[in-house]
Chemist: 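Okay, handing you the structure first.
Indexing begins at 1, ligand by ligand and atom by atom, following the structure's order.
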Amino acid sequence: MATIEVVLGDITRQDVDAIVTAANESLLGGGGVDGAIHRAAGPRLAQAGSAIAPCDPGDAKATQAFDLDPPVRHVIHTVGPVWEGGAYGEAEVLASCYRRSLQVADELRARTVAFPAIATGVYGFPPGEAARIAVSTVRRTPTAVTTIRLVAFDEATHELYTAALHDEIGGDGPC
Ligand code: AR6
């Protein structure tokens with residue numbers, strides 16, 4: 001079973017095989033975490049993204065990591081749900097983002113993967129529910145990934161992840 005870590009920080013600075021970006025269907029880049037990753041990876045990331053676009057909500061597709069510092073070798077682009085009140089399958093689409101990203105990581109033979117809090121920024125998904133979905137989905141998805149790092153960009157998200165992990169595994173795991 002993979003180790004689930006919760007950290008506070010910038011996903012572009014993580015020491016992992018692959019980082020996940022919260023993209024939009026064009027895979028051309030945008031704001032938020034996607035903008036930060038595109039700035040760090042350089043313009044070839046948008047070129048590579050557009051070549052494999054579109055990416056449906058809940059799906060994930062990989063490119064090289066270009067100018068991102070090693071050991072990051074891959075960017076996994078996933079598209080979260082736009083929050084429309086919760087009655088439009090948003091939770092299932094968000095869970096699918098985490099599942100599909102881990103499946104793609106397995107295809108790439110990535111062993112360490114970092115995730116941002118997908119859909120909790122511009123797309124407006126409530127952060128507490130998103131944290132619970134992230135933790136429970138990565139914990140239940142069969143994968144050869146050994147370390148799954150949930151990267152919180154702010155203290156509030158870090159606390160939500162820590163609480164969700166505590167609820168999930170009873171408080172004895174790493175966080
Ligand atoms: N490292 C880690 N997390 C970050 C970073 C960072 N450097 N920067 C922001 N976050 P968002 P979404 C957090 O809006 O809601 C883009 O334009 C942020 O605090 O980036 O899925 C895409 O192209 C928040 O908790 O993604 C799409 O059009 C989380 O990342 C759209 O936004 C996600 O916020 C996707 O919206």
Chemist: Can you report which non-hydrogen protein atom sits closest to atom 25 (O) of ligand 1, along with the distance?
Modeler: T120 OG1, 2.9 Å
Chemist: Contact between T157 and ligand 1, counting heavy atoms under 4.0 Å?
Modeler: no
Chemist: Can you list the ligand 1 atoms lying under 4.0 Å from a non-hydrogen atom of G31?
Modeler: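 Selected atoms, number and element: 16 (C), 17 (O).
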Chemist: Which atoms of ligand 1 have any heavy atom of V33 under 4.0 Å away?
Modeler: 1 (N), 2 (C), 3 (N), 4 (C), 5 (C), 6 (C), 8 (N), 9 (C), 10 (N), 20 (O), 30 (O)
Chemist: Can any side-chain N or O of D17 pair as donor or acceptor with the backbone N or O of T112 at less than 3.5 Å?
Modeler: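 Pair found, side chain donor or acceptor close to backbone of T112.
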Chemist: Which atoms of ligand 1 sit under 4.0 Å from any heavy atom of D34?
Modeler: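 The atoms of ligand 1 under 4.0 Å from a heavy atom of D34 are 22 (C), 23 (O).
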Chemist: Compile the donor-acceptor pairs under 3.5 Å between side chains in residues 80-93 and protein atoms, sequence neighbours left out, one pair per line.
Modeler:
residue	atom	partner	partner atom	Å
E90	OE1	A87	N	3.4
E90	OE1	Y88	N	2.8
E90	OE2	E84	N	2.8
E90	OE2	G85	N	3.4
E90	OE2	G86	N	3.0
E92	OE2	R99	NH2	2.6

Chemist: Let me know which of V151, V6, V7 forms a side-chain contact (heavy atoms from CB on, under 4.5 Å) with Y161.
Modeler: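 Running side-chain contact (heavy atoms from CB on, under 4.5 Å) over V151, V6, V7 with Y161 returns exactly one hit, V6.
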Chemist: Does A134 offer a backbone N or O that forms a donor-acceptor pair with the side chain of T137 under 3.5 Å?
Modeler: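 No, T137 side chain to A134 backbone: no donor-acceptor pair under 3.5 Å.
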Chemist: What protein heavy atom lies closest to atom 31 (C) of ligand 1? Include the residue and the distance to one decimal.
Modeler: Y123 CE1, 3.6 Å
Chemist: Under 3.5 Å between any N/O of A119 and any N/O of ligand 1: does that happen in this structure?
Modeler: yes
Chemist: Does a side-chain N-to-carboxylate-O contact under 4.0 Å join R13 and D69?
Modeler: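 Here R13 does not pair with D69 in a salt bridge, since their nearest N and O are not under 4.0 Å apart.
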Chemist: Do me a favour and list the nearest non-hydrogen protein atom to atom 22 (C) of ligand 1 with residue, atom name and distance?
Modeler: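 The answer is A22 O, 3.4 Å.
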Chemist: Give the atoms of ligand 1, by number and element, whose distance to some non-hydrogen atom of G30 is under 4.0 Å.
Modeler: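 Here the atoms of ligand 1 in question are 17 (O), 23 (O).
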Chemist: If you compare all heavy atoms of A65 against all heavy atoms of H74, which two are closest, and at what distance to 0.1 Å?
Modeler: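 Taking every non-hydrogen atom into account, CB-N, 3.7 Å.
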Chemist: Which residue supplies the protein heavy atom nearest to atom 33 (C) of ligand 1, what is that atom called, and how far is it?
Modeler: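 Checked against all protein heavy atoms, atom 33 (C) of ligand 1 sits closest to A117 O, 3.2 Å.
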Chemist: Give the minimum heavy-atom separation between T12 and A36, together with the two atoms involved.
Modeler: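 Nearest heavy atoms, T12 then A36: CG2-O, 3.7 Å.
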Chemist: Show me which atoms of ligand 1 lie under 4.0 Å from any heavy atom of A36.
Modeler: 7 (N)
Chemist: With respect to V122, determine whether any N or O atom, backbone or side chain, lies less than 3.5 Å from an N or O atom of ligand 1.
Modeler: yes
Chemist: Could a heavy atom of T12 be found less than 4.0 Å from some atom of ligand 1?
Modeler: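 No.
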Chemist: Any chance you could lay out the side chain to side chain donor-acceptor pair (under 3.5 Å) test for Q103 and R100, step after step, and finish with the verdict?
Modeler: CA-CA 5 Å; Q103 288 166 358; R100 282 288 302 134; 2.9 Å; yes
Chemist: Name the closest protein heavy atom to atom 13 (C) of ligand 1, giving the residue it belongs to and the distance to 0.1 Å.
Modeler: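 Residue, atom and distance for the closest contact: F153 CB, 3.9 Å.
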Chemist: Give yes or no for whether the N/O distance cutoff of 3.5 Å, strictly under, is met between I11 and ligand 1.
Modeler: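 Yes; the residue has a nitrogen or oxygen that sits under 3.5 Å from a nitrogen or oxygen of the ligand.
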Chemist: Mark yes or no for whether K61, through its side chain, and I52, through its backbone, hold a donor-acceptor pair below 3.5 Å.
Modeler: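 Present.
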Chemist: Counting each atom of ligand 1 from 1 as listed, which ones have a heavy atom of D10 under 4.0 Å away?
Modeler: 1 (N), 6 (C), 7 (N)
Chemist: Provide the full list of salt bridge (charged side-chain N to carboxylate O under 4.0 Å, His left out) pairs with a residue in residues 105-127, sequence neighbours left out, each pair given once.
Modeler: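 Sorted result for residues 105-127: empty, none.
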